[in-house]
Number of protein chains: 2
Amino acid sequence: MFTDRGYDAVTVADVAEAAGVSAMTVYRHFPTKEDLVLIDQPARLIAERVAASSATLPVVHRVGGALVDAATALTGGYGDGDGPVASERFLLDCLRLMVATPALRARHLDSQYALQQAIADALGDGTADPDPDAAFRAQAAISACLAAMHTALTRWAEEDGRTPLPDLIARALTASFGDAVPAPGRQD
Amino acid sequence: MFTDRGYDAVTVADVAEAAGVSAMTVYRHFPTKEDLVLIDQPARLIAERVAASSATLPVVHRVGGALVDAATALTGGYGDGDGPVASERFLLDCLRLMVATPALRARHLDSQYALQQAIADALGDGTADPDPDAAFRAQAAISACLAAMHTALTRWAEEDGRTPLPDLIARALTASFGDAVPAPGRQD
DNA sequence: ACTCAAGTGTTAGTCACTAACAGTGCGGTA
DNA sequence: TACCGCACTGTTAGTGACTAACACTTGAGT
């Protein structure tokens, strides 16, 4: 319904009626109308991979690798050659809505803000880190990585999933950080 | 009022009453409640500086330099040694509200999205750029720069403006991109 | 049969925001 | 002076997201 008629033109009451329930029931399952569309980022998956990476690598390499890995796990990986599968179609529809609708776009960007905190925790895991300056530098690097990933997500939706998502993310990271991140076209 | 009682606890009717006008009048001057707090980013200023930079430099260097310059122009620059001045106090209050209030934070991040488009236009200015892949790489680099700047803004608000904003931005950029950006502590 | 719990519906209300209409004051014009 | 137009403001009524409080149904376990 959102894709056909536009996010703003569909009320929560419409969604409830189409689902055969009352509007109140919708709110009990989804805290806001925006959550009907937003895909919860696999924060735990990404944070785990960051925590598992070698602490000797630069931050952008650790985070970038985790993002590419997570995208690979989510979308089924490289080179199946079949274009997007059914489960990806839904992802693409949601992403298109997010890019096109200001309210959804803003919420999605803010959810990346939460993901940033989770990654920062995963980075410093194990070592007490009393250095606020190092924490600041890590936050900056993480947010830059996530912004590059968001650009890749947008591009992925725009070109309808033709290029595998992990490849797009790797290219976005390389365009931003040069060779300090895993190179596109292969996985670590 | 927002700082004292919290953004959500103050209604538009409250603001209107305090200003001695009707709620309708508030909406005629500010399109949304959020715009009462949001500071419009100096998009034109930044875009001009990007367009004026040397096209032979890497994208992150051009954008990063423009961001540091714009911050210098806005906050009065380095080393006056007096801490934040009165005009900066208001900026800091707004920033704190933005970081603390989810709705404002989301809107602010989305406004950076618009800034990203403006910078992308400024980058490709003059040269017809039919290469969608180069445009994608530029978008990725720009968004990463802006994310680093946002981290610096957040940090600036957290430490109450003690460190000069241009310095924080330069350090955030260096933490993300290494020596591909202007070094902190001096200006180009 | 009784009970508890989870899920659902209803109602009334708050608040952001919009549209349509009606003043009100003020400078320029004849 | 009388008139006109324009910018600004207020009022009213309405939509839609979202919340709180309360009553109801249903199904599982005892």
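Residue numbers start from 1 in every chain, and the chains themselves are labelled A, B, ... in the order their sequence lines are given, proteins ahead of strands.
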Q: Return the value, rounded to whole Å, for the distance between atom CG of B/Asp14 and atom C1' of C/dA16.
A: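 Rounded to whole Å, this separation is 13 Å.
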Q: Rounding to a whole Å, what distance do you find between B/Asp35:CG and C/dA16:P?
A: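 Roughly 14 Å, once rounded to whole Å.
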Q: Assess the side chains of B/Thr154 and B/Thr151: does a donor N or O sit below 3.5 Å from an acceptor N or O?
A: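 Short answer, no.
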Q: Report yes or no: is the cationic atom of B/Lys33 (NZ for Lys, CZ for Arg) under 6.0 Å from the centre of the six-membered ring of B/Tyr7, at an angle within 45° of the ring normal?
A: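 Yes, a cation-pi geometry.
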Q: A/His29 NE2 to D/dA17 C1': how many Å, rounded?
A: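 Computing the A/His29:NE2 to D/dA17:C1' distance gives 18 Å.
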Q: How about B/Arg96 and B/Asp160: do any of their side-chain heavy atoms sit closer than 4.5 Å?
A: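 Heavy-atom side-chain distance check passes, below 4.5 Å.
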Q: Rounded off to whole Å, could you give me the CG-to-P distance for the A/Asp8 and C/dT18 pair?
A: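 Answer to the nearest Å: 11 Å.
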Q: Which nucleotide in the list D/dT9, D/dA17, C/dG9 gets nearest to the side chain of B/Arg28?
A: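 The nucleotide sitting nearest to the side chain is D/dT9.
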Q: Could you tell me how far apart B/Glu17 (CD) and D/dG10 (C1') are, to the nearest whole angstrom?
A: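 Going from B/Glu17 (CD) to D/dG10 (C1'), I get 15 Å.
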Q: Mind calculating the distance between CE (A/Met24) and P (C/dG13) to the nearest angstrom?
A: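 Whole-Å distance recorded here is 16 Å.
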Q: What is the ring orientation for B/His108 with B/His150, classed by angle as parallel under 30°, tilted 30 to 60°, or perpendicular over 60°?
A: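 Rings of B/His108 and B/His150: tilted, as their planes differ by 30° to 60°.
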Q: Which sits closer to the 5' end of DNA chain D, B/Ser22 or A/Tyr27, going by the nucleotide each is nearest to?
A: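 First, find each residue's nearest nucleotide; the 5'-ward one identifies B/Ser22.
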Q: To the nearest Å, how far apart are A/Phe30 CZ and D/dA17 P?
A: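 In whole Å, D/dA17 P and A/Phe30 CZ are 15 Å from each other.
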Q: Expressed in angstrom and rounded to an integer, what is the separation of B/Phe2 atom CZ from C/dA16 atom C1'?
A: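 Nearest whole value for this atom pair: 12 Å.
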Q: From the options D/dG16, D/dG10, D/dC18, select the nucleotide whose nearest atom is closest to the side chain of A/Thr11.
A: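 Closest nucleotide among those given: D/dG16.
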